[in-house]
Amino acid sequence: MDYLPIFADLNAKPVLVVGGGDVAARKIELLRRAGAEVQIAARELCVELQSLADNQQVTWLARQFDVAQLDHVYLAIAATDDSELNARVSEAAQQRRLLVNVVDDQPKCSFIFPSIVDRSPLVVAISSSGTAPVLARLLREKLEALLPANLGQMAQVAGEWRDKVKQRFSKMSDRRRFWERAFNGLFASQMAAGNVQGAKQTLDAQLTETAATQGEIILVGAGPGDAGLLTLRALQVMQQADVVLYDHLVSDEILDLVRRDADRLCVGKRAGAHSVAQEETNRLLVELAQRGKRVVRLKGGDPFIFGRGGEELQAAQKAGIPFQVVPGVTAAAGATAYAGIPLTHRDYAQSVLFITGHCRAEGDAIDWASLARARQTLAIYMGTVKAAEIAQQLIAHGRAATTPVAVIGRGTRQDQQVLTGTLDDLERLAQQAPTPALLVIGEVVNLHAQLAWFQHSAQQAGRDSAVVNLA
């Protein structure tokens, strides 16, 4: 280990920065966030630092560096483009046994600035010991994406409960188990959802419990298939699941991101195949949560768009189970974007309708006249089986038989296929498309030939995506 990672308390402590340019300003921003009293020695100040000096938020000591300026500071930073001056600052500081950093000159540093992930009071610092700062920065960016924004607030609330927990549990091992349960359970989920008051009540309740008795249900949208479209929140939740109930529409590459030791149950529904009844899925969700499990209900697309997510959460609410929702990219948005078909375009369509082709028999009659209006886009989910009826009704109610259509099979996935043609040929296109498939009807389909970026890039990479025109 080339450097010992330490966290210094600089609150209300003087720090000398030699230099007044943009590089110095970036270091000063970090120092000020740590509460340091920043003193500057520089010939001139950049606009940002001049504003801070004018508002007495930093002190402009002098226009030149003098070794005496180091006599009453905790550490020093040299951030000039004068290598001789930087070397003089470094030597003078180290003679006084002061920590010193010379920007972009690691051999002259006695300390270095790490890349920082700030979730104060929780702070993560990453360093390559000055050998590969760009690599450290890239790692920081990955951690920024993975670590929830609410971690700092969660740590702050936990800090408020430390004394209570110590009074309740005399053994360190018992305290550790308490916090492990809190940070992996309902308390953490409530904090993530912004329910701070509920999270505090959960901690109080768990102080008097001997064991966890209540789980939760998290409804997660997995998107249309490409794992790259999964939201950060969805990934975080999937990594914390005790059990995952998933649909057939959830791709294998997304299932691979689920926590390895989580139980997985397929409760999908598929036309012409054995399906788990919705009532059974609802019962499983409630039963597993009542056992104290963190249950992730993973659905393709967005769970509130033709995904029966509302029905499942109604069952959770009726049973008194805490729940939350993580939205996903719905198929109409994801598949059409990957097919290069804008859902709206001011030259072709001013509105878009999301429609399911699989309705309850006892449901309301479809308003075909409204659906057949020109200058609008229809995005039809689960419509391949009824493609012939859809085309027939739209044409009968005034939509031109020559209206452009697309059937997007396995949208956003590596084997995506886009079949284009006209409305009077919709049934044949639907029969030839791989499933799951989305039907798109409207003039915006004409833009596919110009904007089909995903197929073009996939073909260049030697993948299996296909573009087929059956008009």
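- Residue Asp104 qualifies as open at atom CG: its count of foreign heavy atoms under 6.0 Å is 12 or below.
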Could you check Gln278 against Glu312 for side chain to side chain donor-acceptor pair (under 3.5 Å), going step by step and ending with a plain yes or no?
CA-CA 8 Å; Gln278 186 62 56; Glu312 293 174 358; 2.9 Å; yes
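- Checking side-chain atoms of Asp302 against main-chain N and O of Gly328 turns up a donor-acceptor pair under 3.5 Å.
- Salt bridge status for Glu443 with Arg375: absent, with no side-chain N to carboxylate O gap under 4.0 Å.
- Rounding to the nearest 0.5 angstrom, the gap separating the CG atom in Leu139 from the OG atom in Ser115 is 8.0 Å.
- Counting heavy atoms from C-beta outward, Leu207 and Phe169 have side chains that approach closer than 4.5 Å.
- For Phe304 and Phe306, the distance between ring centers is not under 6.0 angstrom.
- Between Glu311 and Lys318 there is no salt bridge, since no side-chain nitrogen of the basic residue lies less than 4.0 Å from a carboxylate oxygen of the acidic one.
- Heavy-atom contacts from other residues, nucleotides or ligands closer than 6.0 Å to NZ of Lys164 number more than 12.
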Output, in order, the C-alpha distance, side-chain angles, deciding distance and verdict of side-chain contact (heavy atoms from CB on, under 4.5 Å) for Ile126 and Leu143.
CA-CA 10 Å; Ile126 308 119; Leu143 291 175; 3.7 Å; yes
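- Atom CD of residue Glu141 and atom CZ of residue Arg137 lie 5.5 Å apart, to the nearest 0.5 angstrom.
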Show, in sequence, the C-alpha distance, side-chain angles and deciding distance for Val123 and Val117, and conclude whether the side-chain contact (heavy atoms from CB on, under 4.5 Å) test is met.
CA-CA 6 Å; Val123 178; Val117 180; over 6 Å; no
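- Atom CZ of Arg162 is surrounded by 12 or fewer heavy atoms from other residues, nucleotides or ligands within 6.0 Å.
- Between Glu29 and Arg32, no side-chain nitrogen of the basic residue sits less than 4.0 Å from a carboxylate oxygen of the acidic one, so the salt-bridge criterion is not met.
- Exactly one of Asp242, Ile217, Leu245, Asp263 qualifies for a side-chain contact (heavy atoms from CB on, under 4.5 Å) with Leu288. That residue is Leu245.
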Report the C-alpha distance between Ser251 and Arg410 in whole Å, list the side-chain angles of each, state the deciding distance to 0.1 Å, and finish with yes or no for side chain to side chain donor-acceptor pair (under 3.5 Å).
CA-CA 10 Å; Ser251 66; Arg410 298 185 63 79; over 6 Å; no
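- Between Asp118 and Arg140, no side-chain nitrogen of the basic residue sits less than 4.0 Å from a carboxylate oxygen of the acidic one, so the salt-bridge criterion is not met.
- A salt bridge does not link Glu287 with Lys293: none of the charged nitrogens is closer than 4.0 Å to a carboxylate oxygen.
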side-chain contact (heavy atoms from CB on, under 4.5 Å) for Thr377 and Thr344? Distances and angles first, verdict last.
CA-CA 7 Å; Thr377 304; Thr344 63; 5.6 Å; no
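- In this structure, the separation between CZ on Arg168 and CZ on Arg175 is 12.0 Å, given to the nearest 0.5 Å.
- Between Tyr348 and His345, the ring planes lie tilted relative to each other; the angle falls in the 30° to 60° range.
- With values rounded to the nearest 0.5 angstrom, Leu75 atom CG is found 8.5 Å from Ser110 atom OG.
- Contact of the Arg297 side chain with the Val220 side chain is not registered, since no non-hydrogen atoms from C-beta on lie closer than 4.5 Å.
- Under the 4.5 Å side-chain criterion, counting only non-hydrogen atoms from C-beta, Gln376 is in contact with Arg373.
- Atom CG of Asn101 sits about 4.5 Å away from atom CZ of Phe111, to the nearest 0.5 Å.
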Quick one, Gln414 with Asp226, criterion side-chain contact (heavy atoms from CB on, under 4.5 Å). Give me CA distance, side-chain angles, the key distance, then yes/no.
CA-CA 8 Å; Gln414 297 303 319; Asp226 183 353; 5.6 Å; no
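- With a 4.5 Å cut-off on side-chain heavy atoms, Leu219 and Lys299 count as touching.
- Remark: Asp163 does not engage Lys166 in a salt bridge, criterion side-chain N to carboxylate O under 4.0 Å.
- Looking at Arg176 and Asp174, no side-chain N of the basic residue comes within less than 4.0 Å of a carboxylate O on the acidic one, giving no salt bridge.
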